[in-house]
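Within every chain, numbering begins at 1; the chains are lettered A, B, ... in the order of the sequence lines, protein sequences first and strands thereafter.
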There are 2 protein chains.
Amino acid sequence: MKHWDTVAVVGVGLIGGSIGLDLLAKKLARRVIGIGRRQTSLDAAKRVGAVTETTLDLRAGVGDADLIVVCTPVGRIVDDVLAAAAAAKAGTLITDVGSTKQSIVAGVAGRLPGGVTFVGSHPIAGSEKSGPEAALLDLFDGRTAVVTPAADTPPQATEAVEQFWRQLGSQVVRMTPADHDRALAATSHVPHIVASALAAVTPEEWLTLTAGGWLDTTRVAAADGELWVQILTDNRREVLTGLANVERRLAAVRQALENCDSNELETLLAEGRTRREAAGKLRPRTSSNSSTIKGT
Amino acid sequence: MKHWDTVAVVGVGLIGGSIGLDLLAKKLARRVIGIGRRQTSLDAAKRVGAVTETTLDLRAGVGDADLIVVCTPVGRIVDDVLAAAAAAKAGTLITDVGSTKQSIVAGVAGRLPGGVTFVGSHPIAGSEKSGPEAALLDLFDGRTAVVTPAADTPPQATEAVEQFWRQLGSQVVRMTPADHDRALAATSHVPHIVASALAAVTPEEWLTLTAGGWLDTTRVAAADGELWVQILTDNRREVLTGLANVERRLAAVRQALENCDSNELETLLAEGRTRREAAGKLRPRTSSNSSTIKGT
């Protein structure tokens, strides 16, 4: 298994912190340099064991790195990748963990210095919590990591990034940036909007009448709003398409209810149940497999 | 604390079975008679310790009962309450656990023999699982149980049913049937529709790209469809109102996204986050309190 000498993690929140924890706990890297904009976050990352050293200076922090993982909010990733690339040594590989991929891959394309390579990633793992104190060992173990090479990405760079995620226990899925964004609109971005809407329209005086169903259905609504505004606006076109799909579906349920059509209602609910049960039964495939998912 | 001699549980699924388990484990009743339509379910209820005896004959099963708890699907509750009441001895108290209350309370009103009293209940607890094997000890502990007396219900009958739920550890909330149905449309019935819609519109080939967020948001979609068709059609008017609230909210988010209005988007998400966090912070009040919640 490949051993990294120096990995720079730009942004030491939940995801960046968890990557550092894993790299050090599993002895996959000798040094993990935490780079951030607030000393308090860097101190916390050091305290929880996610990094071996810290710096507020991105240029200084990435100079020795073999691998740079950019874990900043979606709206900052392109700038951070370009700044890191400008200070990186030749041969450095850069990836990110952004929840959207089209704008990031397109924003970096053709703007890197020679000898530095970028391959977009999205580990599908997380929590409604944030910050280095929320970092978890094994956060990526058994989860899917999507890797989204551009048409001209050198195959060995893509493979190295895929290997990195497998080292953290993830199952790697290779997709185009466009297919990734279309899929994630349905599996993550639109569910976030819907969870938030459900929570928002529930009057406060009825909250004692909620049980596990409401609490589960709305859980992700508690996540950081600013991060989500960036994700939703960045993936705006696909999110609008996915949202329209949900709105059409809700209108169909409403129509069936208005018509007192129990058969139609049962058919609609059965389709949801079948899909949910299929997801619940999925087991992560072995991490040695990489599969390609085509968009529909 | 009141001790029941004989409690009849009509319908020994998840809820009926859990009631029986608690009554026997906490020695709140000497006999729990499980009444059902399938011998296999009754046998399972006996096996898991939810009942002391079983019968397929409702009339025979309720004859000795001091308390009858009707735990059948919403669409059958009125008929089962009336059948049980016709065979019950004078002084018997009847309650139910249906997820809707207006049609049940209205359907029973004025149709009971003298000496038998009905008070509607709804313990807000459950799971996407069903059947007596899914019964859980302490399912109602720390949860809210809504009790919905009619205008002419004798106060001592209401208090006895409230005491029953407190014996199982629940916090009791007294509401009118109409207020209950309006609130539950928002806190349970509409979330169910939304969870199902989200699951249904997610293409199967993207299910490996789901994480905790999607799985939580859609969890309740796996529940029994037939039961839910009964609940949704029974509470149709309030569900349609609640669904329209969610649809309006989704349209507002769509409008903000179409307008690229990040400020509005952040405001909308912040409202969802605030409400979700308020619900997460709620702690069950002490079970000696009964509070009244007014609909809005």
Donor-acceptor pair, B:Thr187 side chain versus A:Leu209 backbone, under 3.5 Å?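 Checking the backbone N and O of A:Leu209 against the side chain of B:Thr187, a donor-acceptor pair under 3.5 Å is found.
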
Taking A:Asp138 for the side chain and A:Asp141 for the main chain, is one N or O donor matched with an acceptor at less than 3.5 Å?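 Checked: no pair found.
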
Below 30° counts as parallel, above 60° as perpendicular, anything between as tilted: where do the rings of B:His189 and B:Trp228 land?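 Because their plane-to-plane angle is over 60°, the rings of B:His189 and B:Trp228 count as perpendicular.
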
What part of B:Gln230 is in contact with chain A, defined as an atom under 4.5 angstrom from a non-hydrogen atom: side chain, backbone, both or neither?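 Interface part for B:Gln230: neither.
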
What part of B:Glu204 gets within 4.5 angstrom of chain A, counting heavy atoms only: side chain, backbone, both, or neither?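 Both backbone and side chain.
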
Quick check for you: among [options], which has the greatest number of heavy-atom pairs under 4.5 Å with chain B?
options	answer
A:Arg276, A:Arg275, A:Arg273	A:Arg276
A:Ile124, A:Asp216, A:Leu184	A:Asp216
A:Ala200, A:Ala195, A:Ala186, A:Ala270	A:Ala200
A:Leu265, A:Val190, A:Val239	A:Leu265
A:Pro191, A:Ala197, A:Ala183	A:Ala183
A:Val146, A:Leu250, A:Thr210, A:Leu243	A:Leu250

Top contributor to chain A interface from [options] [non-hydrogen pairs under 4.5 Å]:
options	result
B:Val194, B:Val246, B:Leu232	B:Val194
B:Val253, B:Val201, B:Leu240	B:Leu240
B:Gly212, B:Ala221, B:Ala211	B:Ala221
B:Asp261, B:Asn245, B:Leu257	B:Leu257

Side-chain H-bond candidate by donor/acceptor type, B:Thr144 with A:Thr208, under 3.5 Å: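 Their side chains do not contain a donor-acceptor pair, so the 3.5 Å distance test is not met.
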
Give a yes-or-no answer on whether the side chains of A:Thr100 and A:Asp181 include a donor-acceptor pair shorter than 3.5 Å. no

Taking only Lys NZ, Arg NE, NH1 and NH2, and the carboxylate oxygens of Asp or Glu, determine whether A:Glu247 and A:Arg254 approach each other closer than 4.0 Å. no

Under a 4.0 Å N-O cut-off, is there an ion pair linking A:Glu258 with B:Arg237?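 Here A:Glu258 does not pair with B:Arg237 in a salt bridge, since their nearest N and O are not under 4.0 Å apart.
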
Per the salt bridge (Lys or Arg N to Asp or Glu O under 4.0 Å) rule, which among A:Asp96, A:Asp234, A:Asp179 passes with A:Lys101?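 Testing A:Lys101 for a salt bridge (Lys or Arg N to Asp or Glu O under 4.0 Å) against A:Asp96, A:Asp234, A:Asp179 leaves exactly one candidate, A:Asp96.
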
Check each atom of A:Glu277 against the heavy atoms of chain B and say whether the ones under 4.5 Å are side chain, backbone, both or neither. side chain

Please flag which part of A:His192 lies under 4.5 Å from any non-hydrogen atom of chain B: side chain, backbone, both or neither. side chain

Can you name the nearest heavy-atom pair linking B:Ser262 to A:Thr233, along with the distance?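 Residues B:Ser262 and A:Thr233, closest heavy atoms: OG-CG2, 3.8 Å.
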
